[in-house]
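Reviewing the structure listed below.
Only this structure's heavy atoms are used, side chains among them; waters, hydrogens and symmetry mates stay out.
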There are 4 protein chains.
Amino acid sequence: MAPRSPVVAVVGPGRDASAGDLASAESAGAAIAAAGAVLVCGGLGGVMEAACRGARSEGGTTIGLLPGTDREDANGWVVLALPTGLGEGRNALIVRAADAIVAIGGGWGTLSEIAFALRAGVPVFGVGTWELGRHGVSVAGVREVPDAAAAVAEALQTVR
Amino acid sequence: MAPRSPVVAVVGPGRDASAGDLASAESAGAAIAAAGAVLVCGGLGGVMEAACRGARSEGGTTIGLLPGTDREDANGWVVLALPTGLGEGRNALIVRAADAIVAIGGGWGTLSEIAFALRAGVPVFGVGTWELGRHGVSVAGVREVPDAAAAVAEALQTVR
Amino acid sequence: MAPRSPVVAVVGPGRDASAGDLASAESAGAAIAAAGAVLVCGGLGGVMEAACRGARSEGGTTIGLLPGTDREDANGWVVLALPTGLGEGRNALIVRAADAIVAIGGGWGTLSEIAFALRAGVPVFGVGTWELGRHGVSVAGVREVPDAAAAVAEALQTVR
Amino acid sequence: MAPRSPVVAVVGPGRDASAGDLASAESAGAAIAAAGAVLVCGGLGGVMEAACRGARSEGGTTIGLLPGTDREDANGWVVLALPTGLGEGRNALIVRAADAIVAIGGGWGTLSEIAFALRAGVPVFGVGTWELGRHGVSVAGVREVPDAAAAVAEALQTVR
């Protein structure tokens with residue numbers, strides 16, 4: 001049997017993704033697949049769909065951990081759709097499944113995934129995502145990088 | 001039957017709580033109970049224990065949604081201990097159970113609770129907790145207030 | 001603070017409960033409350049609602065662990081409604097919350113709760129519920145008792 | 001992109017599997033993979049490991065939905081290990097992920113999976129597994145078949 005492939009999660013908004021977020025996500029998905037890693041995501045639209053489309057363009061494996069109970073909710077580029085029935089609680093599963101996280105843009109769901117990852121010690125690489133602070137002092141957590149290619153390159157370096 | 005009581009969650013660090021966090025939490029718990037509201041929290045130590053102690057000092061009801069499967073993990077001021085077995089995923093349940101959130105200090109777990117709350121539209125009142133931003137622009141979300149009394153007063157005002 | 005009260009779960013069908021199931025559930029709820037124990041259940045209709053109504057008639061505390069995310073789904077006799085958002089997965093939480101289970105009638109959801117309880121070593125007392133076997137040999141698990149009063153009496157004896 | 005592959009779950013005991021259970025599981029896993037379907041299971045030992053070994057002997061894809069949070073808990077024949085952190089609650093996810101269930105032998109965990117599947121309308125094919133009844137009347141649910149080959153054949157027929 002082949003050694004276990006690295007798993008990288010791409011997280012970001014569904015409905016409210018910007019055009020730039022979608023371009024970053026597609027490029028991140030393609031880079032993950034080209035490197036032989038598995039893409040895991042929330043399986044729905046927006047950043048999730050763009051990342052899956054990118055990964056499939058390179059023949060990669062895409063896993064969608066869906067919030068609902070119906071596999072048909074998955075976008076068309078998800079190879080393996082796992083309905084969790086956990087609602088937003090599935091965000092914790094996405095983080096647990098991944099060796100590293102690429103966060104693109106950022107809604108509240110993305111912030112919850114960043115929080116779970118940093119708590120669990122899973123490295124997070126961000127493209128235009130959340131900046132965190134307390135009492136006016138910024139808190140290091142997400143490593144903001146210039147673009148999706150850099151995010152995936154750094155993510156994979158951490159894993160190997 | 002009496003009308004349903006408001007439910008306020010107090011969230012914040014366990015192990016890494018500062019002395020100021022603990023004092024705020026105890027004061028928040030007491031104010032919640034004095035107002036006839038129910039306190040829900042994660043049921044463990046630190047901010048959670050201080051909030052429960054405060055609520056019990058006013059004869060309040062305290063609910064602990066525990067990450068593990070053993071009720072004995074609850075701190076001694078939890079009246080109703082519910083072991084969820086969900087690990088950090090129980091943070092989503094704390095948020096769903098509450099009409100409003102008081103966030104004190106802030107570790108990564110607290111940040112995940114803030115994210116879930118803001119996503120679900122549950123108001124969050126903070127005492128020395130996370131500040132959020134994107135691209136150098138701060139994002140309104142947590143309403144930072146000067147102290148625990150103000151946090152509980154504003155939380156209860158939102159509920160009623 | 002008062003010592004922690006015993007917690008007894010009443011599980012059984014919602015929609016498909018028979019008149020006998022409902023009568024048993026109401027009587028079980030009343031007996032649980034009369035003994036000073038807390039009732040936990042799934043918070044919806046049928047057996048769950050009848051048990052809560054019985055418990056409230058004796059002034060008891062009733063907790064509903066709801067499958068969805070909306071507290072308004074709870075029946076009118078639930079004092080503390082906790083929306084879990086876990087769908088049927090909340091059945092595992094009901095079992096974890098309880099010192100003993102009273103199973104009345106039985107749909108598939110009830111069977112899942114019996115299975116979780118027996119796996120976790122939580123005693124199950126049944127009134128007209130599932131009988132289990134393998135290879136034609138019956139398997140002891142649920143202790144079938146003649147009526148709800150007996151179920152609650154035996155459940156509370158196990159706890160204390 | 002290739003059309004989505006059918007997904008079949010094999011469920012059964014870990015530690016307490018009999019030699020016959022293990023032989024059935026290995027044969028079921030091989031038949032699932034030979035038919036081009038994906039195997040999903042709980043990812044640990046016993047029946048789960050035997051099913052994965054069988055599937056890998058035919059070059060199949062094996063997914064392990066682990067109860068804990070550590071991917072290293074997966075048996076060596078799991079290609080894709082997803083730590084859920086849900087404990088026994090992950091049994092609901094296994095059922096949701098599958099088009100059909102093959103149940104072999106049977107502990108309490110297996111019974112919970114059967115219950116979830118029958119509730120969700122997912123067909124269950126059994127080899128030496130639970131028989132169910134109420135009030136002395138047997139309840140149809142699990143379709144008991146003579147061996148693992150028959151279970152997989154019938155499971156795949158339902159899916160397509």
message: So for Leu66(A), is it side chain, backbone, both, or neither that comes closer than 4.5 Å to the heavy atoms of chain D?
response: neither

- line: So CG of Leu86(D) and CG of Leu93(A): to nearest 0.5 Å the spacing works out to 5.5 Å

field: Test log, rule side-chain contact (heavy atoms from CB on, under 4.5 Å), inputs Leu80(A) and Leu80(D)
entry: CA-CA 11 Å; Leu80(A) 184 69; Leu80(D) 184 69; 3.7 Å; yes

statement: Here the side-chain hydrogen bond (donor to acceptor under 3.5 Å, both in side chains) pairs for residues 34-54 of chain D, sequence neighbours left out, are Glu26(D)-Arg53(D)

- request: Give me the contact list for residues 96-130 of chain D versus chain A, heavy atoms only, anything under 4.5 Å, ordered by residue number.
  value: Arg96(D), Ala97(D), Ala98(D), Asp99(D)

- prompt: How many angstroms lie between CG in Leu82(A) and CG in Leu82(D), if you round to the nearest 0.5 Å?
  reply: 6.0 Å

